[in-house]
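Take a look at the structure below.
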Amino acid sequence: MAINGIKGFNDILPGEVRKWRHVEETARRVFEIYGFCEIRVPVLEKTELFARSIGDATDIVEKEMYSFTDKGGNGVTLRPEGTAGVIRSFIEHKLHVADPVAKLYYLGPMFRYERPQKGRYRQFHQIGVEVAGVSDPKIDAQVLTMLCHFFAELGLTEPHLQINSLGCHECRPGYREKLQKFLHDRLDALCDDCRRRYVTNPLRALDCKAAGCREATASAPSVLDHLCPGCDEHFSRTRAGLEAAGTPYEINPRMVRGLDYYTRTTFELVTGLLGAQSAVAAGGRYDRLIEELGGPSLPGIGFAMGVERVVLLLGDTDFGVRPDLFIAFHGDAAGNEAFRLMCRLQRLGVSVEMDYEGKSLKSQMRRADKFGARHTLILGEDELARGMAVIKEMDSGVQREVALDPENINMLLAPGSGAGDMRKEQQ
RNA sequence: GUGGCUGUGGUGAAGCGGUUAACACAAACGACUGUGACUCGUUCAUCCGUGGGUUCGAAUCCCAUCAGCCACCCCA
């Protein structure tokens, strides 16, 4: 019996990898325009780090972590998200000393023990960014604008930005209490889950999908009406920043985030195309997290996007690359020469394919077509004897005889041959 | 952790108790002047997720099990 992979841990096969790389490369390119630097941190951290940052009572920490005891008896966990590790590293290496503002991005696998479904896997991948050291709402607007820029760059215009403010430790408790009172009078109308949430996390009732809860909470007090002056100003200046940047958004006062560390600005990039998984990217401000993890008292803001979800949105877009040249040959001597030529050309940076087995010319041509080779070089005994070869442009079918010389052939393959040339697009 | 749906070749699938397990795509080879795309031909599941059971006989019925998918919870 063959051994299969683990549930929720997926292979990313060659065809898909191209799409993944396109996403990753686009992220790097866009984020670096905005001055972000990549940071790479381990996938394994002390369990305590996540318990303290994400929140002890959250589902992630309570039941979704891949935690175990290593051989030295330490409690360790496969990271369920990226922020905690990045902030830990930021603090540990005192990055704020060298530069009071840190703009970082990361990408890599995260792990959560959940039941897999569309757009959700046990090993999944996130690309995220974190900014530490700026409390001005200009950075909120900047981060959101960059996120939207990234999606626009991928040609994904359907996901739209929703923002909200959760207030801070000053104003949130008051609002929470008020909301709880409001819900108290309508407990009968709420679903079972919301009755439970009433105690644990009343804010959650606001974005419940159940019709009854939607109705019951229709006239619920809004967080935005209960922000303290500081948070209120932060929110309106964030909005002004978005408008200045020309970044479209909508306000969703019912949006709630699952991690405990969020304060003030929170946001999601939502899509209607991924079934139950509507959030493609999400994040928010975490003004107390760095200090709570033992670092300096610095504010922070960040987001993470689910790469699988982004890739799903990209659909069947083909990112395949076409070889520059396929070399077909006829006869043993020509076969040897074809191989020599292929090696020379590859050394010159030309992507070349050939058929190693020496099948029929027809079969080789078919293969050249399948690869989508831009040109095919045909080398037979008689051409070889004259030091020549036939080169055929596959898209047009035009062919001509050329001298059998790597430098010469390399020149002939150079761009400028018109339609179907993909080199420019790949720059 | 809970619920629903589905399991036939590389893929999409027909089949509904007795068939050589259809068809299409993909793939390989070949025909059409040593040259691809169109056309044509040939090949490609001794087997229907796995294990039991019912039956003269099962891919087709029953049970178990495993896997996948989707949804809830929660989240990217």
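Naming convention: chains lettered A, B, ... in sequence-line order (proteins, then strands); numbering from 1 in each chain.
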List, with names and distances, any nitrogen or oxygen atoms from the protein found under 3.5 Å away from nitrogen or oxygen atoms belonging to nucleotides 11-13 of chain B.
none

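- OP1 or OP2 of B:rA71 lies within a sub-4.0 Å distance of a side-chain N or O belonging to A:Gln117.
- The aromatic rings of A:Tyr175 and A:His226 are tilted relative to each other, their planes meeting at an angle between 30° and 60°.
- Listed pair A:Arg257 / B:rA76 meets the phosphate criterion, a side-chain N or O lying under 4.0 Å from OP1 or OP2.
- A:Leu190 places its CG atom 14 Å from the P atom of B:rC73, with the value rounded to the nearest Å.
- Applying the side chain to side chain donor-acceptor pair (under 3.5 Å) test to residues at least two apart or on different chains, the pairs with a partner in residues 131-144 of chain A are A:Asp136-A:Arg237, A:Asp140-A:His234, A:Asp140-A:Thr265, A:Asp140-A:Arg285.
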Write out a two-atom table: protein N or O, nucleotide N or O from nucleotides 29-31 of chain B, distance below 3.5 Å.
{"unit_1": "B:rC29", "atom_1": "OP1", "unit_2": "A:Lys359", "atom_2": "NZ", "d": "3.4"}
{"unit_1": "B:rC29", "atom_1": "OP1", "unit_2": "A:Ser363", "atom_2": "OG", "d": "3.1"}
{"unit_1": "B:rG30", "atom_1": "OP2", "unit_2": "A:Ser360", "atom_2": "OG", "d": "3.2"}
{"unit_1": "B:rG30", "atom_1": "N7", "unit_2": "A:Arg366", "atom_2": "NH2", "d": "3.2"}

Under 3.5 Å between N/O atoms: give me all the protein pairs with nucleotides 1-8 of chain B, atom names plus distance.
{"unit_1": "B:rU2", "atom_1": "O4", "unit_2": "A:Arg115", "atom_2": "NH1", "d": "3.3"}
{"unit_1": "B:rU2", "atom_1": "O4", "unit_2": "A:Arg115", "atom_2": "NH2", "d": "3.4"}
{"unit_1": "B:rG3", "atom_1": "O6", "unit_2": "A:Arg115", "atom_2": "NH2", "d": "3.3"}

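- Between the base of B:rU35 and the side chain of A:Gln364 there is no donor-acceptor pair shorter than 3.5 Å.
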Intra- and inter-strand pairing of RNA chain B, written as dot-bracket with Watson-Crick and G-U pairs under 3.5 Å and | for the latter, reads ((((((((.[[[..)..(....]]].(((((.......))))).....[[[[[..)....]]]]])))))))....
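- The side-chain contact (heavy atoms from CB on, under 4.5 Å) test applied to A:Glu114 returns A:Glu64, A:Arg112, A:Arg120, not counting sequence neighbours.
- Within the structure, every side-chain polar atom (N or O) of A:Lys63 is placed at least 4.0 Å from both OP1 and OP2 of B:rC74.
- Within the cation-pi definition used here (under 6.0 Å to the ring centroid, within 45° of the axis), A:Arg288 does not qualify as a partner of A:Tyr261.
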